[in-house]
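Chain letters run A, B, ... following the sequence lines, proteins first, then strands; residues in each count from 1. Basis for what follows: all heavy atoms, side chains included, without hydrogens, waters or symmetry-related copies.
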2 protein chains.
Amino acid sequence: MSDRSRKTIKDVAAAAGVSIGTASRALNRTGRVSEATVIRVTKAAQKLGYQPDAIAQSLRLKSTKVVGMLVTDLSNPFFAGVIRAAEKRLQQAGYALLVGNTDNEKARERFLIDLFQRRRVDGLIAGPCESEDAEMLEELDRGGLPVIGFDRDFGAGQSGLHVDHRRAAFEATRHLLNLGHERIALLSSSSTLSPGRERIAGYAAALEERGIALNNALIRAHKSSMEFVASEALSLMSLRPAPTAFLCLGTRMLAGTLQGLRQNGLSVPDDVSVLTVGDTDLARLYAPSISAVTWDLESVGQMLAELMLRRLEEGESESEPRRIMIPTQFIDRESCAPPGHRPET
Amino acid sequence: MSDRSRKTIKDVAAAAGVSIGTASRALNRTGRVSEATVIRVTKAAQKLGYQPDAIAQSLRLKSTKVVGMLVTDLSNPFFAGVIRAAEKRLQQAGYALLVGNTDNEKARERFLIDLFQRRRVDGLIAGPCESEDAEMLEELDRGGLPVIGFDRDFGAGQSGLHVDHRRAAFEATRHLLNLGHERIALLSSSSTLSPGRERIAGYAAALEERGIALNNALIRAHKSSMEFVASEALSLMSLRPAPTAFLCLGTRMLAGTLQGLRQNGLSVPDDVSVLTVGDTDLARLYAPSISAVTWDLESVGQMLAELMLRRLEEGESESEPRRIMIPTQFIDRESCAPPGHRPET
DNA sequence: TTGTAGGCGTTATCAC
DNA sequence: GTGATAACGCCTACAA
């Protein structure tokens, strides 16, 4: 099966004693071909180990059967799980998935979109990015490249999927409020990306519902290393009055917070309650286990693929855009208790 | 920029008033072209927003500038980190990375290899899989498709990269032995994949060095859910004499073990020591933090890409296969103590 | 039912 | 230096 001896449909046709046109029709079962030649051609193809050249097919059919996907970071488990599920579903439908990391940089996003276009992907799934480049993607979509947004702002005419981050943060905050907390610190890695913004909005809405004023001193929203988050957590704890609960938006925030609290001998939930939006092994298995808001990565990936496939298979029939909102679940574990559970030191 | 109006080199040539051949040469700066026409053509291309069609180029040049990568599970953080780094490096060299999940199934591996071949990938990075299908990959390689193995058995003539799992487990085990442990339980998700086999071998070698007989009752090597691992851990603890330390091979094993111990009120490291091969947030941040053997995912990915690029750019010059062994580092944290640290209950 | 031929968008090999 | 022209491998009218 050396590269040189790669069999083409020409070889198959020759081996079966038919023209290449007939061979093609027999292999693809398109057009009128006698059953006898179908068998003959198929056998010849099998014997030769013929594999149709997807590149040539793409050129001819104007479809690569590839969809591109843009994420900020493929190694982030929240994306990895989604990618995995999306790839699986797309593969069932005969599509491959080409993934690109934007690293949350506008320039890289541009570069990748360009790359995907040159590679003639059939569609594009666009995850969150600092450059909420709605118009650009909308233009692509109108230009004939189906775009599905994922946790990202996009134009009115576009299809997409959102995890309900706002409600997630709302419910988490309300849970803390119900326990009696009023000074709830918020740690977020971003206030500009759609998920971050939505979560902060949900937090604010829950406070407002109780008539508690938003205290900006309690909010820390910027990307930072785990070590820095740890020191942020400590600096928050040194406020007077100190927060009685931490709402961590994302794994890194949770990890940093736990580290910071632990370094300072603060115990959860006795000294302070902790709650996270986005569930991970760490939250599940930490001692104490951390209450979390979670959602199903697999169904997110699957739905994304589904949205894309629908667009792809509808062809030109510009159907109305579909939007999907993925619900979240609150999981109560051991990390939350009423404030003042233990007298302050 | 609608699909219909996608500009081809023909449009560029027309706009610049030259033939398509000249346009091509000007754009690619190949062959003799006057500086004046280069400028004219370039400007025309820019104005039209011309993007060369990578598919047509692939067909013509017989190179897709795509490399395929096979992993058991893209959402496993140990793979995700590697993939991310490999993709980055390959992209710098103008290659895209197409990833496929084998789910550790032979049939899926076959399917994906077939898919990658039809898509005419320029090379293949093959991660571990239950089917250590050395001959098949070797044949592919000889047939002209560069194959780089990753933590996987492969033929003598092939290039590849291995993390030094054997040494990792050896050192971890030796650390426990040095603390005085003699009954060390081993939890592994697999004894058939290359990494699992190597680790078990490293464990065995360390015991042998001390003249301690291998006790199969202490070894549990099969894939299983976290819950099952937890019950495995407990069943191990009910042995008499009970193990005094756990060596966990992989995140899931660690997570299950910690959960099991915790459910039973066993404390680390007072009742039992715990050590993991493969570092994660969970190990770093658990209380107590878990000693671990780690390695650099990024350099693994980068080296894999490097190996591939070298093969790709050497062309036909069948250079001798290169092998790389990635070293590991032992990180001592809080989860290990001498046995009998606290009198048994 | 089957064969022939044109073309998808490029690049490379020729002549000029 | 530049312009035709022939592939690359495949599918699909159109003709037979």
Side-chain angles (χ1 to χ4, degrees), chain A residues 1 3-42 44-45 48-66 94 117-122 144, chain B residues 1 3-42 44-45 48-66 94 117-122 144:
Chain A
M1 212 191 285
D3 213 80
R4 299 203 160 280
S5 75
R6 217 166 216 170
K7 299 308 187 235
T8 77
I9 199 169
K10 216 167 153 181
D11 301 310
V12 176
V18 295
S19 74
I20 69 177
T22 308
S24 171
R25 277 176 305 236
L27 258 13
N28 300 318
R29 284 199 150 42
T30 165
R32 263 150 290 276
V33 196
S34 82
E35 201 48 39
T37 57
V38 168
I39 292 175
R40 212 143 34 94
V41 171
T42 312
L48 293 174
Y50 168 72
Q51 295 174 301
D53 184 325
I55 300 300
Q57 286 177 321
S58 297
L59 185 62
R60 176 66 231 248
L61 299 176
K62 300 195 160 314
S63 157
T64 53
K65 291 286 188 178
V66 173
Q117 279 196 104
R118 286 210 315 271
R119 291 201 184 274
R120 299 294 187 248
V121 297
D122 287 348
Chain B
M1 213 193 285
D3 211 78
R4 299 204 160 280
S5 75
R6 213 167 221 169
K7 299 308 186 238
T8 77
I9 200 170
K10 215 165 154 183
D11 300 312
V12 176
V18 295
S19 75
I20 69 176
T22 308
S24 171
R25 276 177 309 234
L27 259 12
N28 299 319
R29 284 196 150 44
T30 166
R32 265 148 289 275
V33 196
S34 81
E35 201 48 41
T37 57
V38 168
I39 293 174
R40 209 145 34 93
V41 171
T42 312
L48 293 174
Y50 167 71
Q51 294 174 302
D53 185 325
I55 299 302
Q57 287 178 319
S58 297
L59 184 62
R60 178 64 230 244
L61 300 175
K62 298 195 162 313
S63 156
T64 52
K65 291 285 190 180
V66 172
Q117 282 196 103
R118 284 208 318 267
R119 291 202 184 274
R120 299 295 186 248
V121 297
D122 288 347

Can you list everything that forms a side-chain contact (heavy atoms from CB on, under 4.5 Å) with A:Ala23? Sequence neighbours excluded, please.
A:Ile9, A:Ala13, A:Val18, A:Val41

Under 4.0 Å, heavy atom to any atom of DNA chain D: which of residues 32-40 of chain A qualify?
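None - not one residue of the stretch has a heavy atom sitting under 4.0 Å from the strand.
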
For A:Thr64, what residues pass the side-chain hydrogen bond (donor to acceptor under 3.5 Å, both in side chains) criterion, not counting sequence neighbours?
A:Asp122

For [X] and [N], give me the distance from atom [atom1] to atom [atom2], rounded to whole Å.
| X | N | atom1 | atom2 | result |
| --- | --- | --- | --- | --- |
| A:Gln57 | C:dG7 | CD | P | 21 Å |
| B:Leu59 | C:dG7 | CG | P | 17 Å |
| A:Ile55 | C:dG7 | CD1 | P | 23 Å |
| A:Tyr50 | D:dG9 | OH | P | 10 Å |
| A:Ile20 | D:dA7 | CD1 | C1' | 13 Å |

Determine: side-chain N/O of B:Lys62 to OP1/OP2 of D:dG9, distance under 4.0 Å, yes or no.
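For D:dG9, OP1 or OP2 has a side-chain N or O of B:Lys62 closer than 4.0 Å.
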
Nucleic acid contacts of residues 21-31 of chain B, taken as heavy-atom distances under 4.0 Å to DNA chain C:
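Within this stretch, B:Gly21, B:Ser24, B:Arg25, B:Asn28 sit under 4.0 Å of the strand.
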
Give me the residues of residues 7-19 of chain A where at least one heavy atom lies under 4.0 Å from an atom of DNA chain C, by number, or none.
A:Val18, A:Ser19

[X] versus [Y], closest heavy-atom pair with distance:
| X | Y | value |
| --- | --- | --- |
| A:Tyr50 | A:Thr8 | CE1-C, 3.5 Å |
| B:Arg6 | A:Gln117 | NH2-O, 4.0 Å |
| A:Pro52 | A:Gln57 | CB-NE2, 3.6 Å |

Categorize A:Leu61 for me: base, sugar-phosphate, or nothing, with a 4.0 angstrom heavy-atom threshold over every strand shown.
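If one applies the 4.0 Å heavy-atom cut-off, A:Leu61 turns out to touch the sugar-phosphate alone, with no base involved.
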
According to salt bridge (charged side-chain N to carboxylate O under 4.0 Å, His left out), who are the partners of B:Arg25, at least two apart in sequence or on a separate chain?
none

